[in-house]
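The block underneath contains the structure these notes are about, expressed in structure tokens.
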Number of protein chains: 2
Amino acid sequence: MAQVARLAEVSIATVSFVVNDDPKAKTLTQATRDRVLEAVRMLDYRPNLQARGLRTQRSHSIAVLTDHLTAVPFANSTIRGVQERAWAGGYLVTTMTTDDNAELAAHAVEMVLARQFDAVIVTTAYTHEVTVPSEFAAMPLVLLNCFSGDGYRTVLPGERAGARSAAKVLIDAGHTRIGFINGLRTTWAAGERRLGYRDALREAGLEYDRTLVRSGTYETDSGYRHAMALLDRADPPTAIMCASDRMAVGAYYAAYQRGLRIPEDLSVVGYDNHTEFSEHAVPAMTTVSLPYYEMGLAAVDLLLAPERAGKGGAAAGAGGTAGAATGAAGGTRVVASTTSGATGSHVTEIACEPVIRQSVAAPSSRPRARVQHPVGSPIDAPAPRERVPLEVTS
Amino acid sequence: MAQVARLAEVSIATVSFVVNDDPKAKTLTQATRDRVLEAVRMLDYRPNLQARGLRTQRSHSIAVLTDHLTAVPFANSTIRGVQERAWAGGYLVTTMTTDDNAELAAHAVEMVLARQFDAVIVTTAYTHEVTVPSEFAAMPLVLLNCFSGDGYRTVLPGERAGARSAAKVLIDAGHTRIGFINGLRTTWAAGERRLGYRDALREAGLEYDRTLVRSGTYETDSGYRHAMALLDRADPPTAIMCASDRMAVGAYYAAYQRGLRIPEDLSVVGYDNHTEFSEHAVPAMTTVSLPYYEMGLAAVDLLLAPERAGKGGAAAGAGGTAGAATGAAGGTRVVASTTSGATGSHVTEIACEPVIRQSVAAPSSRPRARVQHPVGSPIDAPAPRERVPLEVTS
DNA sequence: TTGTAGGCGTTATCAG
DNA sequence: CTGATAACGCCTACAA
């Protein structure tokens, strides 16, 4: 920096002013400004951000603490979303995986504190309650895909509305008896989705038949078994909605085994938009996508755009290279943004949008196939598209 | 720090000595040492790593530049491996995804430079050549799952040996005619694997029949088609080796459609150990695992344990919380560690180990089934395990 | 409109 | 064996 100053024949302070284009120093000759910039280029000077951080007491970096990185492919989308917004705001993001290991977690906490991270995002592979280390009490922090009851700002997927819209897709197609293979009863998502399913039924004036609702494990097997049970009833549903694409795949198999074609004889909708399954299924599966990427964006927005909310909210930093951050959750559809009086917590729900593909049609009136197909395919994995009979469009 | 010094009634320098337990200050009273430690605890003092970094000109953090985070689930294993070793060495790792976007890449480079990262790992989702930004010429850098010809230290999966061992599994089971559905001809991995396949054949004194080798796209469809072509020959192979688990899944389908049972009538081996497919397949698929996690470890080892090699090699930092880094690639099987004279580059290959499951058996002598099964399963996704006929063990 | 000086929290050099 | 003291590179109130 001193070199730059010398080369540009100005003082060090002046250099500082122009590299940060400090508003206070609006009174700079364009000439000197150019001289400095030129010198900067000549020496390819780069401000030392560690030094700047020391001086300003901020690191311009945010930490993402996550329990598992490997578990879900979706985790990556979250990280991408976070990075996107963080970089735009001039922040760097470093993610730390704790693997549910207390030692790693402690190390992560230690690092966040010692390295002067400006903010932290606590996130989990699947939505559940977490307990935030008390050391973080004083920092800007948002919960991403998890919640805590400690009053931290929280962003969650709008599961209830998501399930509601999944059911609505079926209802709009004319179905009135809709089986629902929900997820693990103990998970938050399952609770929300049941509510959403009920919401849709109620709105349509449809009866809620609890025997049509089953509790699966999110796995293919489970979806298969429950779908079989549903289809073998005296009064089978004409559509099945599943709480995961994998279970929907199981439903596809069950339908196939019972000689039912999708969507002509049975409509199926999945959840997650786990494309490995839903997009490649035949027929392509109508499902609901989880807005991981958008949630990542929203989390950073919450951090960077200080709200009047209780905890959290870092100072909006000096803009980075790529323009300032837009308003909170700009562009993405926010289902709800509640500030609950009870807990005092502020939760932002990002919409789970339905993804319409080919597995839903109007209920058929023709006799249900009762064919017992030969026991199915030899493998627990995707079949090649081209040889499949039920394919609807290319 | 000043507070600690005051509380412990020592000088600031003394505090510095004990918190770093500086070897030069071995001449410290245990008493003062304890006093300082006590004061540290009382005030829960935490050294400001930014300040330390400013002073020492190192940040104790390493950057991972990756092209795509979302593309492969394996990327996560890599990151985990890197984090594991880095943390053990007292380093933090921040990964930056460039998405093949020049602007993002430029930003990443800028950040690495401005933030005083001590080292960088350049990595890619699938193995291919990269060109390292010239700005990194002066820093410790290792290439992970990619290569460049610029003399950087490189860690790669031992594809050739991996393919060789896959073929060997089949040969050891007694097969002499082994179909090979390789990957995209243009990829590095495909080249290596073909070599490995040939190595195994040669070692066993088996003829290399080029008509048995096909070039697929890594996708299920492709595996299915090529397997069909192989099975419909006048002299079909008794085993098929595939360059991806997905293609192996295609082979499973082809076998099923031709009335062939796996492994009784046809042996199949995959590649990648993409457990979503291989582990859940029925019968569980014998495959070869890619050592992503170990490669991550190795990359950091290369960085932290300064080699005599040309480029790269950061000073082995002061140990972190969790013990010092072990020797390079400690514990993981290194296939080869070549220092090629030509390029002057040093490449470490980590072994791709075979994962033995149930899809391989001795070739059968009984008549091949010629049944034409009804066109298969209705979906392009896993079938539930329980209803599958070919399951061998639970 | 530009320059001066002090300090952010550490570490490292040198006296005592 | 311990304690001043000078950087490290930058920001910023204040002076010129």
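The structure presented is a predicted model; accordingly, all values stated were derived computationally and were not measured. Atom set for the values below is all heavy atoms of this structure, side chains included, hydrogens, waters and symmetry mates excluded. Letters go in sequence order (proteins before strands), and every chain restarts at 1.
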Terminal helix-axis angle for the helix from C/dT1-D/dA16 to C/dG16-D/dC1, with five pairs defining each axis and rounding to 10 degrees:
40°
How would you label the contact of A/Gln57 with the nucleic acid (heavy atoms, under 4.0 Å): base, sugar-phosphate, or nothing?
sugar-phosphate
Distance check needed: C/dG9 C1' versus B/Arg58 CZ, whole Å only.
18 Å
Between C/dT10 atom P and B/Gln116 atom CD, what is the distance in whole Å?
18 Å
Kindly state each residue pair satisfying side-chain hydrogen bond (donor to acceptor under 3.5 Å, both in side chains) with at least one member in residues 42-51 of chain B, sequence neighbours excluded.
A/Glu110-B/Arg46
Is any NZ, NE, NH1 or NH2 atom of the basic residue among A/Arg41 and A/Glu38 found under 4.0 Å from an Asp or Glu carboxylate oxygen of the other?
yes
Verify the neighbour count for atom CD of A/Gln57: are there more than 12 heavy atoms of other residues, nucleotides or ligands below 6.0 Å?
yes
Could you give the CZ-to-C1' distance, from B/Arg6 to D/dG3, as a whole number of Å?
15 Å
From CG of A/Leu54 over to C1' of C/dC8, roughly how many Å is that when rounded to an integer?
4 Å
Is the phosphate of C/dT2, meaning OP1 or OP2, less than 4.0 Å from a side-chain N or O of A/Thr32?
yes
Going through the distances and angles, do B/Met96 and A/Trp87 end up as a side-chain contact (heavy atoms from CB on, under 4.5 Å)?
CA-CA 10 Å; B/Met96 320 192 193; A/Trp87 283 23; 3.5 Å; yes
Check whether any side-chain N or O of B/Thr29 sits under 4.0 Å from OP1 or OP2 of D/dT2, and answer yes or no.
yes
Using whole Å, what does the distance between atom P of nucleotide D/dG9 and atom CG of A/Leu43 come to?
14 Å
So if I define the base as every atom that isn't primed, P, OP1 or OP2, how would nucleotides 11-16 of chain C read as a B/S/- string at a heavy-atom cutoff under 4.0 Å?
BB----
Nucleotide C/dG7, atom P - distance to CG of B/Asn48 in whole Å
18 Å
Determine the contact category for B/Arg46: base if any of its heavy atoms lies under 4.0 Å from a base atom, sugar-phosphate if only primed atoms, P, OP1 or OP2 are that close, otherwise nothing.
sugar-phosphate
Show me the donor-acceptor pairs within less than 3.5 Å that the side chains of residues 129-137 of chain B make with the rest of the protein, sequence neighbours left out.
none

Side chain to side chain donor-acceptor pair (under 3.5 Å) partners for B/Arg115, two or more places apart
none
Quick check: do A/Tyr91 and A/Val300 have side-chain heavy atoms less than 4.5 Å from each other?
no
Spacing of B/Leu49 atom CG relative to C/dC8 atom P, expressed in whole Å:
18 Å
Value in whole Å for how far the P atom of C/dG9 lies from CZ of A/Arg115:
18 Å
Among all residues two or more places apart in sequence or in another chain, which pass the salt bridge (charged side-chain N to carboxylate O under 4.0 Å, His left out) test with A/Glu9?
none
Are B/Leu92 and B/His60 side-chain neighbours, meaning at least one heavy-atom pair lies under 4.5 Å?
no
Contact under 4.0 Å: B/Thr14 side-chain N or O vs D/dT2 OP1/OP2
no
